[in-house]
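Before any comments, here is the structure.
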Amino acid sequence: MSGKLTYKQSGVDTKEAAAFVSDISSHVKRTQKQRSLHQAFGLFAAAYDLSSYKEPVIVTGCDGVGTKTEILFELDMVETAGKDLVAMNVNDILTTGGDPLLFLDYLGISNLERERSRITRLVAGMCDYLESCNCILAGGETAEMPGVVPESIVELSGFCIGCCEKSKLIDPKTVRPGDVFIGYKSDSFHANGWSLIRRILEENPDVVDEEELRSLLQPTRLYHDVVADMRRFNVTPKAYAHITGEASRKTWNASWATTAQTSPFPIGTTPPPRKS
């Protein structure tokens, strides 16, 4: 009996997995236009050369999209979920003063053949954002787990690795009363916090129509342009805060904030427009 049972019959299709890697290869290449891995994508682990840094300090982050994915998938806004995944991780890396260098993803599904088109779109969305912030999609795990992951569900997690010169690491302990506060408007709600929003919408179904809901589901903004502007104006912030979910209780009630001794923009004026 055991001799007749194949891996595919158990629910895991290795040929489909190889085809998926081929599907996303062009997207992966888009993330390596300015930076490149020390070795080829697709091996067991990825390597990156840090020799351009004098005193490199590695910074890491891990996050997901949360329950927002349920609504995004219902409305077929799959690419947005991929962008959200990147933003939630890259923005955290930026708070350290570091450069986001490498990104990895974990996708857990029940059946790859059935989900292949959708997760390819997920990766395409990831790469749109990764390309824009010069971060490499260095690898990932696509776990086909029949009987464990329910059908139509995609488990989604991301991991970002960055690097910062030791002398340029942000130290929030230096914040003092009287420092300047700057808040940057988000494009919509950030990805975390949607458990509360979903509950509000469930109890008040007539509050928004589908068009309005789609506008609320815009991908989490990447704030790499904010950090670039700070550096361009030679402003060294004392702290950055990426506000998501419970983060507002820890720092400030704004989408993105920094405190510094001087400000490149008069307080009360509109921050510079976001670069495309």
Side-chain angles (χ1 to χ4, degrees), residues 7-8 10-32 37 40-46 60-93 100-133 135-162 190-192 194-195 217 219-220 222 244-245:
Y7 204 25
K8 183 176 181 178
S10 71
V12 179
D13 192 335
T14 55
K15 290 184 178 179
E16 195 74 25
F20 170 65
V21 172
S22 177
D23 290 344
I24 65 173
S25 61
S26 61
H27 296 300
V28 173
K29 290 177 182 178
R30 291 195 284 126
T31 70
Q32 300 188 44
L37 296 175
F41 176 87
L43 301 178
F44 294 99
T60 63
C62 173
D63 209 339
V65 181
T67 59
K68 182 183 178 183
T69 55
E70 181 176 339
I71 304 178
L72 289 173
F73 288 166
E74 286 177 358
L75 296 177
D76 199 34
M77 299 175 65
V78 179
E79 289 82 358
T80 295
K83 294 175 181 179
D84 278 329
L85 185 66
V86 170
M88 298 306 293
N89 285 277
V90 166
N91 287 341
D92 284 351
I93 294 297
L101 302 177
L102 307 176
F103 186 83
L104 300 98
D105 66 86
Y106 163 80
L107 304 175
I109 55 176
S110 62
N111 181 276
L112 182 54
E113 183 178 6
R114 184 167 51 249
E115 294 289 355
R116 182 172 151 191
S117 175
R118 184 160 65 161
I119 61 176
T120 298
R121 291 173 59 195
L122 266 173
V123 173
M126 293 180 207
C127 292
D128 286 344
Y129 259 23
L130 291 170
E131 182 181 8
S132 69
C133 68
C135 184
I136 299 172
L137 180 55
E141 164 70 3
T142 303
E144 191 173 15
M145 298 184 288
V148 176
V149 177
E151 292 185 8
S152 79
I153 296 297
V154 178
E155 296 180 340
L156 188 60
S157 298
F159 313 86
C160 191
I161 302 169
H190 283 179
N192 290 166
W194 272 85
S195 292
L217 289 164
T220 303
L222 276 176
T244 60

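Since this is a predicted model, take the numbers as computed values, not measurements.
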Hey, mind stepping through Leu217 and Ile71 against side chain to side chain contact (heavy atoms under 4.5 Å, CB included) and telling me if it holds?
CA-CA 8 Å; Leu217 289 164; Ile71 304 178; 3.6 Å; yes
Is the shortest side-chain heavy-atom distance between Phe159 and Thr60 below 4.5 Å?
no
Got a sec, which pairs hit side chain to side chain donor-acceptor pair (under 3.5 Å) with one end in residues 101-113, sequence neighbours left out?
Tyr106-Glu155, Ser110-Arg114
Student check: side-chain heavy atoms of Phe103 and Leu85 closer than 4.5 Å
yes
Measure the spacing between CD1 of Ile24 and CE of Met126 and express it to the nearest 0.5 Å.
8.5 Å
Quick check: closest heavy atoms across Pro100 and Cys135, and the distance to 0.1 Å?
O-CB, 3.7 Å
To the nearest 0.5 Å, tell me how far Thr142 OG1 sits from Leu112 CG.
7.0 Å
Rounded to the nearest 0.5 Å, how far does NZ of Lys15 lie from NZ of Lys8?
7.5 Å
I want to check something: taking the side chain as every heavy atom from C-beta on, are Phe20 and Asp13 in contact at a cut-off of under 4.5 Å?
no
Write down the atom of Arg118, the atom of Ile153, and the distance for their closest heavy-atom approach.
NH2-N, 4.3 Å
Quick check: do Leu104 and Glu141 have side-chain heavy atoms less than 4.5 Å from each other?
no
Locate the shortest heavy-atom distance separating Glu115 from Ser152; write the atom from each residue and the value.
OE2-CA, 3.5 Å
How far does CD1 of Ile136 sit from CG of Leu130, to the nearest 0.5 angstrom?
10.0 Å
Among residues at least two apart in sequence or on other chains, which ones pass side chain to side chain donor-acceptor pair (under 3.5 Å) with Ser132?
none
Does the Asn89 side chain pair with the main chain of Asp63, one donor and one acceptor, at a distance under 3.5 Å?
yes
Side chains of Leu137 and His27, heavy atoms from C-beta outward: is any pair under 4.5 Å?
no
Under the 3.5 angstrom rule, does the side chain of Thr67 hit a backbone N or O of Ser195 as a donor-acceptor pair?
yes
Once you round to the nearest 0.5 Å, how far does OG1 of Thr220 lie from CG of Asn91?
7.5 Å
Write down the atom of Ala81, the atom of Val65, and the distance for their closest heavy-atom approach.
O-CG2, 3.6 Å
Counting C-beta onward and ignoring hydrogens, is there a side-chain heavy-atom pair between Leu37 and Leu102 closer than 4.5 Å?
yes
For residues 77-86, the salt bridge (charged side-chain N to carboxylate O under 4.0 Å, His left out) pairs (sequence neighbours left out) are Lys68-Asp84, Glu79-Arg121
Rounded to the nearest 0.5 angstrom, the CD-CG distance for Glu16 and Asp23 is 8.0 Å
Show the nearest heavy-atom pair for residues Ile93 and Gly162, with the distance to one decimal.
CG2-CA, 4.1 Å
With heavy-atom distances below 4.5 Å as the criterion, would you say the side chains of Val154 and Phe73 are in contact?
yes
